[in-house]
Amino acid sequence: MKILITGAAGFVGSYAVEAFAAKGYAVHAAILPQETLSPELLPLCTVHHFDLLDTASVSALLQQIQPDRILHLAAQSSVAAAWKQPQLTADLNIKGTVNLLEAARNLPALPRILLIGSAEEYGKLPSDAEGTQLVSESAPLHPVNIYAATKAAAEQLAGVYAAAYGLPVICVRAFNHFGPKQREIFVAADFCKQAAEIELGLREPVIRTGNLDARRDFTDVRDIVRAYVLLLESGRAGETYNVGSGKAIPISEMLDMILSCCRVPVRREIDPAKLRPAETAYLAAGTTKLQSDTGWRPEIPTGQTIADTLDFWRQKLKEQSEA
Ligand code: GDD
């Protein structure tokens, strides 16, 4: 069974290459021309360079590989970055998805596709649901930021391709995930990196944060990728699935948990540059459909993911300072 993973050089992509290779798939990893795959992944896959925005390049790649499955991860995945690069975000997340869907529907045998969208597509929940309820896939979508709007558009496009061409697409709305190797543009990685820098004496003992009031549903990236494997195997084509833990915590609580693992005392300070023009207040995943179709449950406790992420940054910064 051949799987094409786009965005394989990214955070989730690197875990996905390992997970699908471990399941016996022939993994084809699509990455940008300027990217490299980390050395430990190279024996697990065949690497292809491609440009998601170049229609001909995407089509040639799919024709060459003729994959049975596609995991489409390549995207501009940061809500914060999308405010600063709206055009690039729209290009990658919408045009890039169309390039992929169009190339896929022209293959002789239609591949099963897992399209990774976002919990952010829900955006503003009805006020009675906010802060209390798990959001189910049937909830209306009210994106409140540019990233979320592009992900909602990509999902709508997938629905059109599925209905018009019979393309077997499964959509995911992924809730927040974190773990070792994530870039520090995301909140848990950012806090863990700052904490590790403080421990190593590389910065003053002050953690700079954005809005600590938003509530998010955090899952370990390894659990998330396990859900993606299960969905490609036994998810229903044409369906959309939430993937998350089902428990929302305030960002302030995530910070408390990280600081409780930090070996030195730390102060906190709001950095106005980290506040966003608009913010989704609350997101918690209702995962009844995912659980009944695949049996998936999150397994790795948040405390373990925090410990692993902190260790990753301690090690990385130590290596950098010794180099
Ligand atoms: N990045 C960051 N840095 N976020 C902070 C900080 C900070 O110092 N302080 C507070 N926050 C808040 C943000 O304002 C947001 O409410 C929350 O922490 C999470 O921010 P991010 O980790 O940047 O992720 P996100 O929620 O915007 O988006 C992530 O989750 C989506 C699913 O809900 C990404 O992984 C998306 O790709 C994903 O779709």
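Along the sequence shown, the residues carry numbers beginning at 1. Just so you know, ligand 1 is whichever comes first in the structure, and atom 1 is the first atom listed for that ligand.
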message: Ile185 versus ligand 1: do any nitrogen or oxygen atoms come within less than 3.5 Å of each other?
response: yes
One finds that the ligand 1 atoms under 4.0 Å from a non-hydrogen atom of Asn211 are 9 (N), 10 (C), 11 (N), 12 (C)
Judged by heavy atoms only, the candidate from Arg276, Arg208, Arg268 nearest atom 23 (O) of ligand 1 is Arg276
Between Thr294 and Gln291, is there a donor-acceptor pair closer than 3.5 Å when you use the side chain of the first and the backbone of the second? no
The option among Val243, Ile207, Asn145, Val187 carrying the non-hydrogen atom nearest to atom 5 (C) of ligand 1 is Val187
message: Between the side chains of Arg226 and Asp223, is the shortest nitrogen-to-carboxylate-oxygen separation below 4.0 Å, so that they form an ion pair?
response: yes
Looking at Tyr282, Tyr147, Phe178, Phe175, the heavy atom closest to atom 38 (C) of ligand 1 belongs to Tyr147
| field | Modelled atom types, side-chain donor and acceptor of Asp311 and Gln315, under 3.5 Å | value | no
Filtering Ala81, Ala174, Gly210, Gly244 for the heavy atom nearest atom 9 (N) of ligand 1 leaves Gly210
For Ala214, the ligand 1 atoms with a heavy-atom partner under 4.0 Å come out as 16 (O)
For residues 179-235, the ring pair (Phe, Tyr, Trp, His ring centres under 6.0 Å) pairs (sequence neighbours left out) are Phe178-Phe218
From the list Glu155, Glu239, Glu137, Glu120, salt bridge (charged side-chain N to carboxylate O under 4.0 Å, His left out) partner of Arg173 resolves to Glu155
If we number the atoms of ligand 1 from 1 as shown, the ones under 4.0 Å from a heavy atom of Ser118 are 31 (C), 32 (C), 38 (C), 39 (O)
For Ala119, the atoms of ligand 1 under 4.0 Å from one of its heavy atoms are 33 (O)
Restricting to heavy atoms, the pick from Val172, Asn176, Leu255 nearest atom 24 (O) of ligand 1 would be Asn176
Contacts of Tyr161 meeting ring-ring contact (aromatic ring centres under 6.0 Å, His included) (sequence neighbours excluded), chain-then-number -> Tyr165
